[in-house]
Amino acid sequence: MSINILNSQRNDIKDDESLKQLGFIELAKKKVAALEKELGRKPTACVVTFGCQMNARDSEKLLATLKLAGYEEVETEDADFVIYNTCTVRDNADQRVYGRLGQCSNHKKNNPHMKIAICGCLMQEPGAVEKIQKSYRFVDLIFGTHNIYKFAELLNSCLDSDRMIIDIWKETDRIVEDLPVLRKYAFKSGVNIMFGCDNYCTYCIVPYVRGRERSRSPKDIVREIEKLAADGVKEVMLLGQNVNSYGFDFKDGDSDKISFAKLLEMVCEVEGIERVRFMTPHPKDFSDDVIDVIAGNPKIARHIHLPLQAGNNEVLRRMNRKYTKEQFIDLALKIRERIPDVAITTDIIVGFPGEGEAEVDDTIDVIKKVQFDNAFTFIYSKRAGTPAAKFEDQVPEEEVKKNFDKLLKVVQDTARDQASKHQGKVETVLVESVNEQDESLLTGRMSNNTLVHFKGEKDLIGEMVRVSLDECHGFYYMGSRV
Ligand code: 5AD
Ligand code: SF4
């Protein structure tokens, strides 16, 4: 865990709200110091993250506030302050949160000083907040996605009060810059380029819990990346629910209105940044200029995550994905042709209303034609409030399971074939960690996102090194330094 707290120098900060929150951190410091005196030890804090890279990035901001306030970070939930940063994209994500929260109440019984907070996407659903108010009364603080920037302020209120504090906003149009961040890795970082989603795919809850699309100004993004690079970061991942509609929300004529392709170029020019990733593009907005920029710029990772969701045209139409099976295949094959060494991964949902075996066979056909390097496969989960939840032709669980298993087998076979193609090549990897199973090994990540394990000393962590790919083990390689 990197202990670099970015942007905590007041003279660097442009955003008044961020300065205000730093003031609240100072206030919280006094309260945490008093608690430390009372406990006779440093108070501890644990941030539990569910869901996507956006949540992971948000959690780095929550943790920075807690650390600056004086908490010591711990990995387990028997801490003095526990915060759950939740996801609600599928029902199993919700259930995991409730399960963990239930267990956490046992810790609170043994620790009268303990505070439990819950935030993130699930909290933007009114039903979830009601459920917590009713059945999880031991929770001290609830807030949502739109006001996460005021966590320092809410932390103060929470430390002052014995009552449950709830602060949820329905929406926001503001972006707060320069909040303190505590990065998990010293050498790589996520960077938000936009927030929210305007696509309204009919199965998806995200537009309702993350709000309308809001792009950050390119100047702010580049400024953040310059600071990260100065702090030793070599790889950035540009984050957004729909990155290639970056800037669509800026007015025509606004000097900030640049395309995603242009932004990629600007980011690649930042000195010290050696690798640039992005997550997630939407196939409908994947324009040729983005393909050209990637093809012409070796700093941009040879990995494109291109969510397919389904391969049947009627299902795609009812999902409101705005592309056809044929358009998706053309795009993927064009990307493969123009960027020959690229890995294409995807997301697939099985069991959307009206999707039977014949429709799933269309998805399987796309998998075979595109030869995805990997795919995240999900069983459709009905989300209250989304249009698809009201569709009448919901598919029985057994049929979904059967189709899911059939599709998963094709995904796995294809991914294995694709991975084995690199055998014998020499690749540059960014060394990320010591291998969890064998301490003599390091784990590095290739530009195309494949992991390689190889012998090496841990002072190589954070370095780019050349490794030969000796043996393919399904989805990863055993290699050796060259
Ligand atoms: N059910 C199942 N999967 C979903 N996703 C989004 N909403 C749902 C849902 N209701 C998947 C999509 C998306 C990924 C992040 O989660 O595949 O790309
Ligand atoms: Fe959800 Fe579709 Fe937006 Fe992705 S693009 S977050 S699937 S609504």
Side-chain angles (χ1 to χ4, degrees), residues 49-57 86-96 120-122 124-125 127-128 145 190 192-215 237 239-246 248-249 260 278-286 304-312 315-323 328 331 344-355 359-360 363 366-367 372 374-391 394-395 397 400-401 403-404 407-408 411:
T49 310
F50 297 87
C52 66
Q53 311 268 1
M54 303 279 269
N55 265 18
R57 184 66 177 154
T86 64
C87 168
T88 183
V89 77
R90 286 171 292 276
D91 184 58
N92 55 5
D94 293 11
Q95 296 319 320
R96 283 216 306 276
C121 294
L122 179 59
Q124 291 297 138
E125 289 191 51
T145 54
N192 297 107
I193 63 164
M194 58 192 299
F195 301 91
C197 181
D198 285 351
N199 282 323
Y200 290 99
C201 301
T202 54
Y203 52 81
C204 188
I205 194 89
V206 167
Y208 308 92
V209 296
R210 287 262 176 193
R212 299 288 57 71
E213 277 178 13
R214 284 151 285 142
S215 302
M237 181 181 282
L239 297 173
Q241 239 74 47
N242 191 10
V243 288
N244 45 1
S245 61
Y246 172 77
F248 286 9
D249 52 320
F260 179 60
F278 57 87
M279 184 84 92
T280 309
H282 192 301
K284 79 175 164 61
D285 298 316
F286 213 111
I304 295 176
H305 185 71
L306 196 65
L308 167 67
Q309 313 299 3
N312 173 270
V315 174
L316 284 168
R317 190 190 63 75
R318 298 202 335 151
M319 284 180 160
N320 193 29
R321 290 293 290 176
K322 303 191 182 85
Y323 53 81
F328 185 96
L331 171 64
I344 303 182
T345 58
T346 197
D347 290 342
I348 293 169
I349 299 175
V350 178
F352 184 81
E355 190 189 54
E359 286 75 22
V360 173
T363 312
V366 181
I367 300 169
F372 290 113
N374 210 344
F376 296 102
T377 47
F378 306 108
I379 285 182
Y380 168 70
S381 172
K382 196 170 163 179
R383 307 318 285 141
T386 60
K390 293 190 208 85
F391 291 177
Q394 304 285 329
V395 187
E397 210 176 303
V400 176
K401 184 82 185 61
N403 291 336
F404 182 84
L407 180 135
L408 186 63
V411 162

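Order of appearance sets the numbers: ligands from 1, and atoms from 1 within every ligand. Please read all numbers here as calculations on a predicted model, not as lab measurements.
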(message) If I take atom CZ from residue Phe248 and atom CZ from residue Phe260, how far apart are they, to the nearest 0.5 angstrom?
(response) 11.0 Å
(request) State, yes or no, whether a side-chain contact exists between Phe352 and Gln394 at a heavy-atom distance under 4.5 Å. (result) no
(request) Indicate whether the side chain of Asp249 and that of Ser215 have a donor and an acceptor atom separated by less than 3.5 Å. (result) yes
(request) With the side chain counted from C-beta on, respond yes when Asp285 and Asn242 share a heavy-atom pair under 4.5 Å apart, and no when they do not. (result) yes
(message) What does the 4.0 Å heavy-atom contact list look like for ligand 1?
(response) Val89, Arg90, Tyr203, Gln309, Asp347, Ile349, Phe378, Ile379, Tyr380, Ser381, Arg383
(request) Check whether the ring centres of Phe404 and Phe378 lie less than 6.0 Å apart, and answer yes or no. (result) no
(request) Would you mind listing which atoms of ligand 2 come within a distance below 4.0 Å of any non-hydrogen atom of Tyr203? (result) 7 (S)
(request) Report, as a single number, the protein N, O or S atoms less than 2.8 Å from atom 2 (Fe) of ligand 2. (result) 1
(message) I need the single residue from Val400, Asn403, Thr363 that forms a side-chain contact (heavy atoms from CB on, under 4.5 Å) with Glu355. Which is it?
(response) Thr363
(request) Using a strict cut-off of less than 4.0 Å between a Lys/Arg side-chain nitrogen and an Asp/Glu carboxylate oxygen, indicate whether Asp91 and Arg96 qualify as a salt bridge. (result) no
(message) Both conditions, 6.0 Å and 45 degrees, for the charged tip of Arg318 above the ring of Phe391: are they met here?
(response) yes
(request) Could you tell me whether the side chain of Asp347 reaches within less than 4.5 Å of the side chain of His305, counting heavy atoms only? (result) yes
(request) Determine whether Leu239 and Ile193 make a side-chain contact, defined as any pair of heavy atoms from C-beta on separated by less than 4.5 Å. (result) no
